[in-house]
Amino acid sequence: MSYISGARSVPDKQVRIASTKMDGIGPKKAIQVRYRLGISGNIKMNELTKYQIDQIEQMIGQDHVVHWELKRGERADIERLISISRYRGIRHQDGSPLRGQRTHTNARTFRKQIRK
């Protein structure tokens with residue numbers, strides 16, 4: 001089992017499908033990476049050479065924001081909302097639903113926090 005940009009790759013899946021398991025890589029980006037490197041569509045992850053895996057990791061690292069970088073950016077955005085006391089930031093802080101969902105009868109995980 002190999003790791004590409006900090007994400008575990010699935011060895012028995014095709015390259016385009018296994019690439020989408022990484023955060024920040026969708027189907028379209030996975031196909032673009034495969035075509036740029038000239039990798040066949042039917043080849044599986046465990047059939048790739050070490051050189052091909054290094055090429056994939058290098059290309060993804062250059063062109064795309066993935067895995068830890070993406071999560072770090074999302075967390076920084078939430079921290080910014082909290083620090084400037086935006087409504088969404090306060091809701092994040094409380095663990096409440098953010099986008100106007102009903103909380104009287106739904107949002108059970110939020111209501112469990114109140115009862116404790």
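Numbering starts at 1 and runs along the sequence shown.
Note that CD1 of I53 is 6.5 Å distant from OG of S9, once rounded to the nearest 0.5 Å. Atom CE in M45 sits 13.5 Å away from atom CZ in R16 (nearest 0.5 Å). Here the straight-line distance linking atom CZ of R72 with atom NE2 of H67 works out to 11.0 Å at 0.5 Å rounding. Between the OH atom in Y51 and the CD atom in Q58 there is a gap of 8.0 Å [rounded to 0.5 Å]. Going from atom OH of Y35 over to atom OG of S40 covers 9.5 Å, rounded to the nearest 0.5 Å. I82 CD1 to D77 CG: the interatomic distance, rounded to the nearest 0.5 Å, is 11.0 Å.
Across all non-hydrogen atoms, the minimal contact from K44 to P11 is CB-O, 4.2 Å. Residues N106 and R102 share a closest heavy-atom pair of CB-O, 3.7 Å. Taking each heavy atom of R88 and L98 in turn, the nearest pair found is O-CD2, 3.6 Å. Scanning both residues, L70 and V65, for their nearest heavy atoms gives N-CG1, 3.8 Å.
Within the 3.5 Å criterion, the main-chain N or O of M59 finds no donor-acceptor partner in the side chain of Q62.
A salt bridge does not link K29 with D63: every distance from a Lys NZ or Arg NE/NH1/NH2 to an Asp or Glu carboxylate oxygen is 4.0 Å or more.
The shortest distance between side-chain heavy atoms of V10 and D12 falls below 4.5 Å. Contact annotation: the side chain of R99 approaches that of Q101 to within less than 4.5 Å [non-hydrogen atoms, C-beta and beyond]. Using a 4.5 Å heavy-atom cutoff, the side chains of P97 and R91 are in contact. Taking 4.5 Å as the limit, every side-chain heavy atom of I43 sits out of range of all side-chain heavy atoms of Q14. The shortest side-chain heavy-atom distance between M22 and I60 falls under the 4.5 Å cut-off. Contact check for I39 versus I56: side-chain heavy atoms found under the 4.5 Å cut-off. Using a 4.5 Å cut-off on side-chain heavy atoms (C-beta onward), Q32 and K28 make contact.
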Steps toward side chain to side chain contact (heavy atoms under 4.5 Å, CB included) verdict (V66, I25): CA-CA 7 Å; V66 291; I25 302 291; 3.7 Å; yes
